[in-house]
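Just so you know, ligand 1 is whichever comes first in the structure, and atom 1 is the first atom listed for that ligand. Please read all numbers here as calculations on a predicted model, not as lab measurements. Scope of the values below: all heavy atoms of this structure, side chains included, with no hydrogens, waters or symmetry mates.
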Amino acid sequence: MDRLADVSNLRSSQSQTQISHLALDIGGSLIKLVYFCRYDDSCRDDGDELRSQNDSLCSKSDNSQPVLEGRLHFAKFETSKINDCLDFLHSMKLCLDVNSGSHDGTAPPSNKIFIKATGGGAYKFADLFKEKLGVSLDKEDEMECLVTGANFLLKAVHQEAFTYLDGQKEFVQIDPNDLYPYLLVNIGSGVSMIKVDGDGKFERVSGTSLGGGTFWGLGRLLTKCKNFDELLELSHRGNNRIVDMLVGDIYGGTDYAKIGLSSTTIASSFGKAISDSKELEDYEPEDVSRSLLRMISNNIGQISYLNALRFGLKRIFFAGFFIRGHAYTMDTISVAVNFWSKGEAKAMFLRHEGFLGALGAFMSYEKQCLDGLTVHKMQQKFPISASSAGDNIYCSLNSNSDENGSIECTVYGT
Ligand SMILES: Nc1ncnc2c1ncn2[C@@H]1O[C@H](COP(=O)(O)OP(=O)(O)OP(=O)(O)O)[C@@H](O)[C@H]1O
Ligand SMILES: CC(C)(CO)[C@@H](O)C(=O)NCCC(=O)O
C-alpha cells in the first residue's frame with residue numbers, strides 16, 4: 001500500500017476538526033505538513049477547567065493565557081503530486097488562527113491568509129498556493145527550520161532519539177542541558193550537514209548531492225521500481241556482493257589486514273558490474289537496490305563522520321525521509337560511523353526524521369503574535385528528568401506518530 005498520506009482517510013478523520021495552525025516543508029521530493037487541529041470547544045481561558053475536562057492532558061494555565069487543546073498532525077505528499085496536497089488542504093477547514101486579518105476566530109478574506117512554509121518549494125510554488133488556495137506562503141529559512149525542529153524534538157519529545165546497530169534499536173535519553181554541540185545530518189533529496197551549537201546557533205558545514213534523490217532516482221532507472229517503498233522493500237531481499245567488488249574479490253579471498261580491511265569490505269561499489277560481461281537485465285533488481293542503498297548510506301555515514309571529526313563532535317543525529325526508519329539503511333550508516341570513528345562517534349536517528357523542517361516552520365509561529373495565539377511550549381505527557389522542569393504543558397505521542405501520525409498537545413496563546 002502506498003504509505004504516503006491517504007487523502008481520503010485524512011479527510012474523514014479530520015472532518016470533525018478544524019486546522020488552526022499549519023506549516024509546510026516543500027522539498028525536492030516530498031511535501032511535509034504539520035498541522036494543529038483543536039478539539040471542539042476546547043478553547044478556554046482557564047487551564048483548571050481543562051484539567052477537569054480531560055485528565056490526560058492536564059494542562060494548567062498559570063497566567064490566564066487562552067489554551068487550545070488538540071493534536072499536532074503529520075502528513076506528506078510527493079512534491080510531483082502537489083495537486084493532491086492542494087486538494088487535501090482545500091478539503092480541510094482551513095480556519096487558520098494565524099492569519100493577519102481576523103481576530104474573531106472566523107476565516108478571514110482568503111487573500112489575508114498566511115501559512116508558514118519552508119524548503120525550496122516555498123519559493124517555487126508560492127504563486128500556485130496563491131492561485132489555487134488564495135493563501136500566501138510566509139517563508140522561513142530551511143536550515144533554521146531543520147535546527148529548530150531537531151532541537152524541539154530532542155528536548156521535548158520522549159524517546160525521540162535512538163541508536164540502531166546489529167538490529168538493535170536503543171532509545172537514547174537526551175539531557176536538554178547537555179545537548180550541544182552536535183552534527184545534524186538531514187538526508188533529503190540532497191544532504192545537509194549542520195553543526196548545531198544551541199537554539200538558533202548553527203552552521204551548515206557541509207553537504208552532498210549524493211542523497212535520497214540519488215538513491216530513488218538511480219534505483220528507479222536501474223530496477224524499474226514504481227515507488228520508493230518498493231525499492232526499499234527490494235533491498236531487503238538483495239545481496240550486494242553480487243554487484244559490489246569486495247576486498248576479497250581483489251585479494252583472492254583474503255583480508256588486507258595490514259590496512260585493516262577485511263575480505264568482506266566493499267572495495268568498490270558496483271565494481272563487479274564493470275568486470276562482468278553482464279548487462280543490467282542479468283542482475284537481480286534486489287541486488288542492485290541493496291548495493292545502491294549501501295553505497296549511498298555508506299558515503300553519507302563517512303562524510304558525516306569526517307565532518308564530526310573536523311569539529312570534534314561526538315554525536316551525529318541523522319534525519320530526513322531517506323532513512324524511513326529502514327533497518328538496513330540505519331545499520332549501514334551506524335556501521336560506517338562506527339567503523340570510521342573507531343567507535344568514538346555515535347550515529348543516532350530520530351523518530352520524526354522527515355518532519356524537522358515542517359516542525360521548525362510550525363514553531364516559527366512562536367516568534368509572532370498572530371490573532372492572539374502563539375505556540376508556547378510543548379513537552380511529553382510523562383515528564384522525564386531530562387525535561388525542562390516546572391512546565392505545565394503536556395504533549396503525548398500516540399503510537400502512530402512516525403507515519404502521518406499525531407502528537408497530542410496544548411497550544412498557549414499570548
Ligand atoms: N514515498 C516517497 N516518495 C519519494 N521519496 C521518498 C518517499 N519516502 C521516502 N523517500 C526518500 O526521501 C527523500 C526525500 O526526503 P525529504 O522529504 O526529507 O527531503 P526533501 O525535503 O524532499 O529534499 P530537499 O530537502 O533536498 O529538498 C527522497 O529523495 C527519497 O529518497
Ligand atoms: C539544496 C538543499 C539544501 C535543498 O533542500 C538540499 O538538497 C541539499 O543540501 N543538497 C546538497 C547540496 C550540496 O551541498 O552539495
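Some N or O of Arg204 is nearer than 3.5 Å to an N or O of ligand 2, by distance alone. The N/O atoms of Ser189, backbone and side chain alike, include one that comes under 3.5 Å of an N/O atom in ligand 1. For the pair Arg324 and ligand 1, the shortest N or O to N or O distance falls below 3.5 Å. Below 3.5 Å of separation, one finds no N or O of Ser206 facing any N or O of ligand 2. Taking only nitrogen or oxygen atoms, main chain and side chain alike, Asp25 does not reach within less than 3.5 Å of ligand 1. Considering backbone and side-chain N/O of Phe228, none are found under 3.5 Å from N/O of ligand 1.
Here Phe129 contributes atom CZ and Ser136 contributes atom OG; the two are 11.5 Å apart, rounded to the nearest 0.5 Å. Separation of atoms OH (Tyr180) and CZ (Arg315) is listed at 10.0 Å; rounding is to 0.5 Å. Rounding to the nearest 0.5 Å gives a distance of 11.0 Å between OG of Ser291 and CG of Leu218.
Under a cut-off of 6.0 angstrom, the local environment of CH2 in Trp340 is sparse, with at most 12 non-hydrogen atoms contributed by other residues, nucleotides or ligands.
Annotation: Phe349 is not in aromatic contact with Tyr164 [ring centroid separation under 6.0 Å not met].
Contact check on Asp249 versus Lys272 returns a salt bridge, with a Lys/Arg side-chain nitrogen under 4.0 Å from an Asp/Glu carboxylate oxygen. Contact check on Glu286 versus Arg237 returns a salt bridge, with a Lys/Arg side-chain nitrogen under 4.0 Å from an Asp/Glu carboxylate oxygen. The residues Lys195 and Asp197 are annotated as salt-bridged, a charged nitrogen and a carboxylate oxygen being separated by less than 4.0 angstrom. Glu140 and Lys116 are joined by a salt bridge, as a carboxylate oxygen and a charged side-chain nitrogen come within less than 4.0 angstrom of each other.
In summary, the atoms of ligand 1 found under 4.0 Å from a heavy atom of Gly213, numbered by their order in the structure, are 29 (O). Under a 4.0 Å criterion applied to the non-hydrogen atoms of Ser209, ligand 2 contributes the atoms 15 (O). Applying the 4.0 Å criterion to heavy atoms of Gly320 picks out, from ligand 1, the atoms 18 (O). Distances below 4.0 Å separate heavy atoms of Gly212 from the following atoms of ligand 1: 29 (O), 30 (C), 31 (O). The atoms of ligand 2 that sit less than 4.0 Å from any heavy atom of Met143 are 3 (C). Within the listing of ligand 1, atoms 20 (P), 22 (O), 23 (O), 24 (P), 27 (O) sit less than 4.0 angstrom from a heavy atom of Gly28.
The shortest heavy-atom distance from Phe215 to ligand 1 is not under 4.0 Å. Heavy-atom distances between Gly354 and ligand 1 stay at or above 4.0 Å for every pair. Distances shorter than 4.0 angstrom occur between a heavy atom of Glu142 and an atom of ligand 1.
Residue Val191 touches ligand 2 through its backbone alone, judged by heavy-atom distances below 4.0 Å. Contact annotation: for Trp216 versus ligand 1, heavy atoms closer than 4.0 Å belong to the side chain alone. The residue Lys76 has no part lying near ligand 1, judged by heavy-atom distances below 4.0 Å.
Of the protein's non-hydrogen atoms, Glu142 OE2, 2.5 Å is the one closest to atom 5 (O) of ligand 2. For atom 11 (C) of ligand 2, the closest heavy atom belonging to the protein is Thr208 O, 3.4 Å.
Phe77 and Phe88 have tilted rings, their planes meeting at an angle from 30° to 60° on a 0 to 90° scale. Using cut-offs of 30° and 60° on the angle between ring planes, the pair Phe162 and Phe171 is perpendicular. Between Phe36 and Phe362, the ring-plane angle classifies as tilted under the 30° and 60° cut-offs.
A side-chain donor-acceptor contact under 3.5 Å links Ser29 and Ser189.
Of the protein's heavy atoms, none falls inside 4.0 Å of atom 1 (C) of ligand 2.
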